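Please read these numbers as outputs of a predicted model, since none were measured by experiment. No hydrogens, no waters, no symmetry mates; every other heavy atom, side chains included, goes into these values. Numbered from 1 within each chain, the chains take letters A, B, ... in sequence-line order.
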Number of protein chains: 2
Amino acid sequence: MAHEDHKDIVAKIKATMPSADTLFDLADFFKVFGDSTRIRIMCALFEQELSVCCIADIVGMEQSTVSHQLRVLRQENLVKVRREGKQSYYSLEDEHIQKIFEMGLEHILE
Amino acid sequence: MAHEDHKDIVAKIKATMPSADTLFDLADFFKVFGDSTRIRIMCALFEQELSVCCIADIVGMEQSTVSHQLRVLRQENLVKVRREGKQSYYSLEDEHIQKIFEMGLEHILE
DNA sequence: ATAACATATGAATTATTGTTCATATGTTCA
DNA sequence: TGAACATATGAACAATAATTCATATGTTAT
């Protein structure tokens, strides 16, 4: 394709790409994985559902910090909450998360 | 496991988790996916290798911005460069990227 | 060597995001 | 109802990161 010019290539690629909106949402989704506190929270939840104070102890951060980050995770539908008495138990929303997580691990361990 | 106490749970979960260092690196890796400019650059590169100025046109940003972001992508081994004359051609480093991308898409399109 | 072009990079600016503190809300039990 | 505990949230601050401008570096052709 050596004779394709710049303009043709640009037009061709643009035509194949998802909409800017979709890609914006996708970036927002991955942004959630891009923080070590949130990654550690998700990782802890791979094992079992956990209360907020357990999570705070596991990741070694303030309860408030953890609550804020859990909200971020909730907003992207990555975790769900269940109230039981005074405690809120969080768990993972679906199994995409673990797969994405594992692929990331594969990449960095190469 | 209703009789497990807080301390036991915390200890148990901590034992199963990858090291904090690994999770930190993992967050750094996903951070790269968490920006819409970089996501769009990667998406464009799914089709074929592209020069910097093509990429800039495709994503509608300054050449300088694109160069900076390509450096970020290079640092995380997500793209590679090939010089040909005056131009630098970028392409994706491996196929994990597209899989991770697709899983993210699946999640947000649910 | 110089002009013209493509890319890379440093510095400054702006925008975004994470964390903490203080406090509000919600729940249980006496 | 009030005390004790768990969680959530608003505001302020600190830390990071994205973008741009200006310019340096690298490449080709005359």
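Proximity of B:Tyr90 to the phosphate of C:dA8: a side-chain N or O atom is located under 4.0 Å from OP1 or OP2. Checking the phosphate oxygens (OP1, OP2) of C:dG18, no side-chain nitrogen or oxygen of A:Thr37 falls inside 4.0 Å.
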- prompt: After noting the C-alpha distance and the side-chain angles of B:Arg74 and B:Tyr90, does the key distance pass the side-chain hydrogen bond (donor to acceptor under 3.5 Å, both in side chains) rule?
  reply: CA-CA 9 Å; B:Arg74 244 183 298 133; B:Tyr90 281 81; 3.3 Å; yes
- prompt: Checking side-chain hydrogen bond (donor to acceptor under 3.5 Å, both in side chains) for the pair A:Thr65/A:Gln69: CA distance, chi angles, key distance, verdict?
  reply: CA-CA 6 Å; A:Thr65 306; A:Gln69 296 300 5; over 6 Å; no
field: Residue pair A:Thr22, A:Ser19: steps toward the side-chain hydrogen bond (donor to acceptor under 3.5 Å, both in side chains) verdict
entry: CA-CA 5 Å; A:Thr22 301; A:Ser19 76; 2.9 Å; yes
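Counting to the nearest Å, the P atom of D:dT19 and the CZ atom of B:Arg40 are 9 Å from each other. To the nearest angstrom, P of C:dT7 lies 13 Å from CD1 of B:Ile41. For the pair B:Tyr89 OH and C:dA8 P, the interatomic distance rounds to 13 Å; values are reported in whole Å. In this structure, A:Asp35 places its CG atom 17 Å from P of C:dT16, rounding to the nearest Å. Separating the CD atom of A:Gln87 from the P atom of C:dC29 is a distance of 12 Å, rounded to the nearest angstrom. Rounded to an integer number of Å, the gap from B:Ile55 CD1 to C:dA6 P is 14 Å. Residue B:Arg71 contributes atom CZ, which lies 6 Å from atom P of C:dT9 at whole-angstrom precision. Taking atom CG on B:Leu73 and atom C1' on C:dA8, their separation rounds to 15 Å, with Å as the unit.
Here B:Phe101 and B:Phe46 bring their ring centres to under 6.0 angstrom of each other.
Picking from C:dG18, D:dT19, C:dT20 the nucleotide with the shortest atom distance to the side chain of A:Met61 gives C:dT20. Candidate nucleotides C:dT19, D:dA6, C:dT7 were compared by shortest atom distance to the side chain of A:His68, and C:dT19 ranks first. Distances were taken from every side-chain heavy atom of B:Glu62 (C-beta onward) to each of C:dT9, D:dA8, D:dT20; the shortest belongs to D:dT20. With distances taken from any side-chain atom of B:Arg38 to the nucleotides D:dA18, D:dT20, D:dT7, the minimum falls on D:dA18. Comparing C:dT19, C:dC5, C:dT7 by their closest approach to the side chain of B:Ser88 singles out C:dT7. Comparing C:dG26, D:dT7, C:dT19 against the side chain of A:Lys86 picks out C:dG26 as the nearest. Checking D:dT9, D:dT27, D:dT7 against the side-chain heavy atoms of B:Arg83 singles out D:dT27 as nearest.
The base of D:dA6 has none of its N or O atoms less than 3.5 Å from a complementary donor or acceptor on the side chain of A:Gln63.
The nearest heavy atom of DNA chain C to A:Gly85 and to B:Ser64 marks one nucleotide each, and the one closer to the 5' end goes with B:Ser64. Each of B:Cys54 and A:Gly34 has a nearest nucleotide on DNA chain C; the 5'-most of these lies closest to B:Cys54.
Counting heavy atoms from C-beta outward, A:Ile97 and A:Asp94 have side chains that approach closer than 4.5 Å.
Under the 30°/60° scheme for interplanar angles, the aromatic rings of A:Phe33 and B:Phe30 are found to be tilted.
Residue-level contact check: B:Thr65 touches the bases, meaning some heavy atom is under 4.0 Å from a base atom.
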